Amino acid sequence: MMDWIAMTTGFILILMGLYGALTHRNILRIIVSFTLANTGVNLVLVSVGYMLGRTAPILDKAVPMAEAVTRIIDPLPQALVLTAIVIGLGITAMMLTYAYKLYEAKGSLDIASYRELKW
Amino acid sequence: MIRNFAVLLLLLGLAGIFIHLMQGYIPATELNQSAHYYAAHSAEDLGAANIVTAIIVTYRGLDTLGEVTVLFLAATIIGMVLANGHKAQRSLQRQLPPSGELLTTASRLLTPLILLFGAYVFVNGHLTPGGGFQGGAILASAALLLLLTDPLKRFSHRLIAVVESLSGLLFIAIGVLGMVLAGGFLDSRILPTGAFGTLFSAGSIPLIYSLIGLKVGAEFTSMLNNLAETEKS
């Protein structure tokens, strides 16, 4: 059940983020929408690694070494998502930087006032 | 109107794909082959209690090196883009209001604690949830708190650069040592595995993760610093 909830939430977040990115005209709102979609992708990836009745991939007294194979969830998606979160943060910071530069150049954050790449 | 309609159509199509994916999704009941290997061998071979850490630092260490490089590039590009044309920086024209007694005192109390917590998180990365990236982000949040208290505060670029390049160089050096003393590049078994579940265990994993933590913290702080320097009157 948990994985279904997480996966549905993730997919909805992706759709919300894409909707926001495609319909809003303010660059800052577009950036926020992209981070929303990014979060959704991470949530879906993590939920794929979930297995019913199992626990986090950390070994201690509760999860002894010998039982690890039958007791823990898939650690690979978690490692993958850790990477994705960090890269996502770098991308967000870069998007904000470019938004600042664009604002400095034209004094506007409306995407419609940047027509150079439009055909 | 037509544009919004096209957007809705696109999203509906995507939603259809997602629903189809979810209907076909069968939750796994057993670990797949690679996950099975990691679960069975990482504690024995590397001595790391946190299997995610073992994967990130040792099994997929090269990916992590690439990740740190991407983050470094992002921080550098931000510095480059923002520094361009900022050479003659005007001083602040208007007087900023003081940030208030509460925030000032609280940040003086909290900053050392936040730094300590960040160090705790990345030093214990092989035992508990957490690690270099999380710890580094916590370190940078201390810098953010200081910036909130005093928006004109600037951290020394030289110090950030020294911390970042030193930890990056040491990270690579440990990786090369793994090639010389153990099985391959970034092999963590260059140090004794130690007693399972203690701080000084898991070979060089805590060392590498601490270096990653310092590097990530320095990179995030430099990003914050560069963005804060854009503040003008």
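Computed from a predicted model, the values in this text were never measured in an experiment.
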Next item on the list: Just do the side chain to side chain contact (heavy atoms under 4.5 Å, CB included) check on B/I138 and B/Y120 with the steps written out, would you?
Entry: CA-CA 10 Å; B/I138 294 172; B/Y120 173 83; over 6 Å; no

Next item on the list: Determine the option with the most heavy-atom pairs under 4.5 angstrom with chain A, choosing from B/L14, B/I78, B/T128.
Entry: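 Most pairs with chain A among the choices: B/I78.
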
Donor-acceptor contact present, side-chain [X] to main-chain [Y], <3.5 Å:
X: B/N225; Y: B/T221; value: no
X: B/T58; Y: B/I55; value: no
X: B/N32; Y: B/A35; value: yes

Between [X] and chain A, with a heavy-atom cut-off of 4.5 Å, which part of the residue counts as in contact: side chain, backbone, both or neither?
X: B/E219; value: neither
X: B/L127; value: backbone
X: B/M223; value: side chain
X: B/N50; value: both
X: B/Y25; value: both

Nearest-0.5 Å distance that lies between atom [atom1] in [X] and atom [atom2] in [Y]:
X: A/M51; Y: A/I72; atom1: CE; atom2: CD1; result: 9.0 Å
X: A/M95; Y: A/T97; atom1: CE; atom2: OG1; result: 10.0 Å
X: B/R60; Y: B/Y38; atom1: CZ; atom2: OH; result: 3.5 Å
X: A/T35; Y: A/L96; atom1: OG1; atom2: CG; result: 9.0 Å

Margin query: Does anything in residues 6-31 of chain A reach chain B? List residues with heavy atoms under 4.5 Å apart, or say none.
Written below: A/M7, A/T8, A/F11, A/I14, A/L15, A/L18, A/Y19, A/L22, A/T23, A/R25

Notebook entry, point to check: Is there any residue in residues 76-91 of chain A with a non-hydrogen atom under 4.5 Å from a non-hydrogen atom of chain B, and which ones are they?
Noted result: A/L76, A/Q78, A/A79, A/L82, A/T83, A/V86, A/I87, A/L89, A/G90

For [X], does the [atom1] atom have more than 12 heavy-atom neighbours from other residues, nucleotides or ligands under 6.0 Å away?
X: A/Y114; atom1: OH; value: yes
X: A/Y50; atom1: OH; value: yes
X: B/H36; atom1: NE2; value: no
X: B/F18; atom1: CZ; value: yes

Checklist line | Any A/I58 side-chain heavy atom under 4.5 Å of B/I51 side chain | finding: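 Sidechains of B/I51 and A/I58: no contact.
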
Margin query: For residues 63-74 of chain B, give me every residue with a non-hydrogen atom less than 4.5 Å from any non-hydrogen atom of chain A.
Written below: B/E67, B/V70, B/L71, B/A74

Item checked: Verdict with supporting geometry, B/I212 and B/F171, side chain to side chain contact (heavy atoms under 4.5 Å, CB included) -> CA-CA 8 Å; B/I212 292 176; B/F171 182 21; 4.1 Å; yes

Checklist line | From CA spacing to verdict: side chain to side chain contact (heavy atoms under 4.5 Å, CB included), A/I73, A/T55 | finding: CA-CA 6 Å; A/I73 60 170; A/T55 182; over 6 Å; no

Check: Which residues satisfy the side-chain contact (heavy atoms from CB on, under 4.5 Å) test with A/N38, sequence neighbours excluded?
Finding: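 Counting only residues at least two positions away or on another chain, A/N38 forms a side-chain contact (heavy atoms from CB on, under 4.5 Å) with A/N42.
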
